[in-house]
Amino acid sequence: MTSEGMGASAAEKNARPVVSLAHARKSFGDVEVLHDISLSVAPGEVVAIIGPSGGGKSTLLRCLTLLERLDGGDLSYEDVAVAKNGSYGDKSVLAAARARFGLVFQNYNLFPHFSVLRNVMDAPVCVQKRDRTEAEAEARALLAKMGLAGNEDKVPCQLSGGQQQRASIARALAMHPDIVYFDEPTSALDPELTAEVLRVIKQLAAENMTLVIVTHEMGFAREVADRVVFMDGGVIVEQGPADEVINHPREARTRAFLAQREA
């Protein structure tokens, strides 16, 4: 596997990044949790973000997905300039940016009172104003792809954790995003259910989808990611091809973190 993306064409490799972040800063009170972060993701690339708790991984993801606002730096989704020097565009700009990405939370965040089918088709119908019949057909197809055929009329509490996470992946895909973010997608699952979800993400990677995954699963990152980004103390300490960073890290902080994971 190369750092240029699985099966990516020459045109894709030279295309504008799906998302680009430059010199990003974010503070909570007097504590700066992101220090001068620059990161871009190419079309078809799978990026795994690893690092210790409190290192800034989830805050980075929340800033990329507009759940938090940067205090400084630039953020863009291809031709949509979301923030410049920490100053954000208007509501139409933010709406255009949100249409470019999907987000899968670690705790699923499904609507508990909606059926599984409605959870998947609600945003395409209500936000994107797509035809209901078309949206329902696609939602059913996505649920089948996630191994959830026959569960359409259940509510989330009737599903296992792994099934709920796969339903949340279907919900993200239903919006036709350019990039999908995963925030520790298996952290709430036991090993058997973790394997279910990781198989689905591997399938998406094999389909050349653009993915950014915050994960603590080192074996999964090594196997699936084109590039691994190691964060600690609010900075990117090291990044590169997955095999190099995980098996042959250059930086002492990366080596210490990986040694702890293997202990």
Participant: Are any of the side-chain nitrogens in R255 or E238 under 4.0 Å away from the carboxylate oxygens of its partner?
Facilitator: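 Here R255 does not pair with E238 in a salt bridge, since their nearest N and O are not under 4.0 Å apart.
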
Participant: Enumerate donor-acceptor pairs with a distance under 3.5 Å from any side-chain N or O in residues 18-31 to protein atoms, sequence neighbours excluded.
Facilitator:
| from | atom 1 | to | atom 2 | distance (Å) |
| --- | --- | --- | --- | --- |
| H23 | ND1 | D36 | OD1 | 2.7 |
| K26 | NZ | R69 | O | 2.8 |

Participant: Does a donor on one side chain sit under 3.5 Å from an acceptor on the other, for S92 and D90?
Facilitator: yes

Participant: Run the numbers on E138 and R130 for salt bridge (charged side-chain N to carboxylate O under 4.0 Å, His left out), then give the verdict.
Facilitator: CA-CA 11 Å; E138 182 175 12; R130 285 163 51 193; 2.2 Å; yes

Participant: Any salt bridge between D79 and R100, counting N to O under 4.0 Å?
Facilitator: yes

Participant: About how many Å separate CD1 of I236 and CG of L60, when rounded to the nearest 0.5 Å?
Facilitator: 7.0 Å

Participant: For atom CD of E192, decide whether the heavy atoms of other residues, nucleotides or ligands shown that lie under 6.0 angstrom number more than 12.
Facilitator: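 Check fails, neighbour count at 12 or below.
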
Participant: Testing the 3.5 Å rule here: is there a donor-acceptor pair between the side chains of Q106 and S187?
Facilitator: yes

Participant: Measuring from L66:CG to Y77:OH, what's the distance to the nearest 0.5 Å?
Facilitator: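 Result: 6.0 Å between the selected atoms.
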
Participant: Quick check: are there more than 12 heavy atoms from other residues, nucleotides or ligands sitting under 6.0 Å from CZ of F114?
Facilitator: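 More than 12 heavy atoms, drawn from other residues, nucleotides or ligands, come within 6.0 Å of this atom.
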
Participant: Given 3.5 Å as the limit, does a donor-acceptor pair link the side chain of H35 with the main chain of E32, or not?
Facilitator: yes

Participant: Any donor-acceptor pair under 3.5 Å linking the side-chain atoms of E136 with those of T133?
Facilitator: no

Participant: Would you say the side-chain atoms of S58 and D183 include a donor-acceptor pair closer than 3.5 Å?
Facilitator: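 Yes, because at least one side-chain N or O of S58 sits under 3.5 Å from a partner of the opposite role on D183.
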
